[in-house]
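The structure under discussion appears below in the form of structure tokens.
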Protein chains: 2
Amino acid sequence: MYPIHVNLSGKTVVVAGGGIVAYRKIKDLLNEDAIITVISPTVVNEIQQWHAEKKLTWIEREVKREDLERAFLIIAATNTKEVNSWIAEHAKSKQLVNIADQPHLGNFIVPSVVKRGRLILSVSTSGASPSLSKSIKKELQQKYSEDYDTYLDFLFQCRSIIKKEFPEVCRKALLTKLTDRSFLYDVEKQRSYKQELLKKIDRKLVNEPINE
Amino acid sequence: MYPIHVNLSGKTVVVAGGGIVAYRKIKDLLNEDAIITVISPTVVNEIQQWHAEKKLTWIEREVKREDLERAFLIIAATNTKEVNSWIAEHAKSKQLVNIADQPHLGNFIVPSVVKRGRLILSVSTSGASPSLSKSIKKELQQKYSEDYDTYLDFLFQCRSIIKKEFPEVCRKALLTKLTDRSFLYDVEKQRSYKQELLKKIDRKLVNEPINE
């Protein structure tokens with residue numbers, strides 16, 4: 001399996017099914033800015049709510065062949081094994097297809113994910129143990145705490161500044177310095193370092209080291 | 001960004017470019033059982049070697065529009081920014097496209113990956129800090145050692161046995177028990193537990209607890 005992080009912004013995502021499995025999959029998709037269509041005769045309350053809030057479109061019927069055609073990514077999560085298999089069979093080979101109850105029939109799986117702003121970690125046991133997957137996810141959540149959210153923003157901003165304003169010979173040292181985890185919990189240190197960078201640019205001293 | 005693990009087995013992958021960046025991307029792809037075509041007037045020795053070994057097909061010229069059409073997944077890794085942008089522009093919206101030097105022009109990125117057999121971990125900082133990404137990858141490599149390789153095989157085998165042979169009411173407890181990390185470094189314990197499972201099936205005692 002080849003792990004990739006896909007930008008679903010503006011992409012058509014079709015979810016067949018409206019039960020708890022579909023609900024969980026959709027929940028992960030909602031922040032991705034995709035155009036989500038849920039096709040199912042019945043759906044759980046949360047999906048109805050999202051439809052009412054225009055976060056997705058719910059089509060109240062069984063899935064048809066033409067529903068699949070326009071999709072960039074398809075998730076088959078109905079409660080009928082035969083319908084899910086039918087979707088696997090009728091999706092085109094170039095589409096991304098996940099079959100919730102029979103992963104081997106699709107061409108991608110959704111790993112467990114830990115997001116801390118720009119930091120994205122994923123874990124999968126390739127079906128060997130969903131429990132271990134959950135347990136490792138917990139470990140990652142603990143080790144990579146919510147402080148990473150702010151820290152990654154800091155890193156992103158500094159990287160943009162450094163790449164734009166500093167000469168190439170200085171960049172690597174400056175960028176590596178930032179990954180010193182002493183910055184992680186110390187928002188004040190982050191702020192003052194960024195100030196230092198900006199001051200240097202103002203004073204045209206981009207070739208000199210930064211004192212802490 | 002939406003992390004997924006894609007099964008590339010039998011899928012057509014087109015890599016434009018044959019330098020060090022292309023080389024690194026191809027290296028990750030080689031174990032995925034994909035049909036890889038590299039298109040580039042020149043390539044590094046390793047790619048020539050892989051071509052000679054029939055692990056991929058090298059087409060010795062610039063990339064053309066029709067090369068892109070048949071691809072499930074495209075990686076633009078030439079050393080010419082304009083060529084990479086041209087690929088981004090001419091790929092179809094339903095294709096998976098990675099533009100190495102300008103990730104925002106494509107629709108997926110390749111995270112750093114740690115593989116331990118069936119265990120797959122990925123990390124991305126969404127471009128905020130490749131150095132931090134590398135550093136977290138190292139932490140994951142240390143924490144999730146190579147012992148996980150064997151351990152995941154053990155989990156997979158036991159899961160198959162349990163799901164096939166044990167009544168549904170017993171499964172959850174048995175499966176959760178396996179994630180006790182005391183099994184991790186103890187291959188002998190793994191072996192004897194699996195034997196116990198098989199013995200129970202032989203003796204038709206699948207409803208009784210396993211003694212350790």
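Note that this is a predicted model, so its numbers are computed, not measured. Lettering follows sequence order; numbering is per chain, from 1. The figures that follow rest on heavy atoms only: side chains count, while hydrogens, waters and symmetry mates do not.
- The choice from Asn7(B), Val6(B), Thr179(B), Val123(B) that makes the most heavy-atom pairs within less than 4.5 Å of chain A is Val6(B).
- Going from atom NE2 of His5(A) over to atom OG of Ser126(B) covers 8.0 Å, rounded to the nearest 0.5 Å.
- Of the atoms belonging to Tyr144(A), it is side-chain heavy atoms, and not backbone ones, that fall under 4.5 Å from chain B.
- Using a 4.5 Å cut-off between heavy atoms, Ser93(B) contacts chain A through both its backbone and its side chain.
- Heavy atoms of Lys134(A) lying under 4.5 Å from chain B are absent altogether.
- When Leu178(A), Leu96(A), Asn31(A) are compared by the number of non-hydrogen pairs under 4.5 Å with chain B, Leu96(A) comes out ahead.
- In this structure, chain A has a heavy atom under 4.5 Å from the backbone of Ala71(B), while its side chain stays farther away.
- By the 6.0 Å contact criterion, CD on Glu168(A) is open, its count of non-hydrogen atoms from other residues, nucleotides or ligands being 12 or less.
- Enclosure of atom CD in Glu53(B) by more than 12 non-hydrogen atoms of other residues, nucleotides or ligands within 6.0 angstrom is indicated.
- Scanning residues 110-119 of chain B against chain A with a 4.5 Å non-hydrogen threshold yields Val110(B), Pro111(B), Val113(B), Lys115(B), Arg118(B), Leu119(B), sorted by number.
- Note that the CZ atom of Phe72(A) and the NZ atom of Lys92(B) stand 14.0 Å from one another [nearest 0.5 Å].
- Here the side chain of Arg159(A) pairs no donor or acceptor atom with the backbone of Pro130(B) at under 3.5 angstrom.
- When each of Phe108(A), Tyr148(A), Phe156(A) is scored by its heavy-atom pairs under 4.5 Å with chain B, the top score falls to Phe108(A).
- Listed in order of number, the residues of residues 8-28 of chain B that approach chain A to under 4.5 Å between heavy atoms are Leu8(B), Lys11(B), Asp28(B).
- In plain terms, the two heavy atoms of Arg181(B) and Glu139(A) that are nearest each other are NH2-OE2, 2.6 Å.
- Using a 4.5 Å cut-off between heavy atoms, Tyr151(B) contacts chain A through its side chain alone, with no backbone atom that close.
- Here Leu132(A) contributes atom CG and Leu184(B) contributes atom CG; the two are 9.0 Å apart, rounded to the nearest 0.5 Å.
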> Passes side chain to side chain contact (heavy atoms under 4.5 Å, CB included), Leu121(B) versus Leu121(A)? Steps please.
Replying inline: CA-CA 7 Å; Leu121(B) 296 151; Leu121(A) 297 151; over 6 Å; no
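- Of the atoms belonging to Ser160(A), not a single heavy atom falls under 4.5 Å from chain B.
- A donor and an acceptor atom, one from each side chain of Ser122(B) and Ser122(A), are located under 3.5 Å apart.
- Within the 4.5 Å cutoff, side-chain heavy atoms of Pro3(A) are placed close to those of Ile120(B).
- Lys143(B) touches chain A through its side chain: at least one heavy atom from C-beta onward sits under 4.5 Å away, while N, CA, C and O do not.
- Contacts of Ile136(A) with chain B are made by both backbone and side-chain atoms, with heavy-atom separations under 4.5 Å.
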>> As a quick check of understanding, evaluate side chain to side chain contact (heavy atoms under 4.5 Å, CB included) for Ile4(B) and Tyr2(A), giving each step before the final call.
In response: CA-CA 8 Å; Ile4(B) 62 176; Tyr2(A) 187 63; over 6 Å; no
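- Comparing Ala34(B), Cys158(B), Ser135(B) by heavy-atom pairs within less than 4.5 Å of chain A, the highest count is held by Ser135(B).
- Ionic pairing of Lys94(A) and Glu69(B) is not present here: no N-O contact between side-chain nitrogen and carboxylate oxygen is shorter than 4.0 angstrom.
- In the displayed structure, Glu188(A) atom CD is contacted under 6.0 Å by more than 12 heavy atoms of other residues, nucleotides or ligands.
- For the atom pair Ser124(B) OG and Leu152(A) CG, the distance stands at 9.0 Å (nearest 0.5 Å).
- Counting heavy-atom pairs under 4.5 Å between each of Thr176(B), Asn107(B), Leu155(B) and chain A puts Asn107(B) at the top.
- Between chain A and the residues Leu175(B), Leu29(B), Asp33(B), Leu73(B), the most heavy-atom pairs under 4.5 angstrom are made by Leu29(B).
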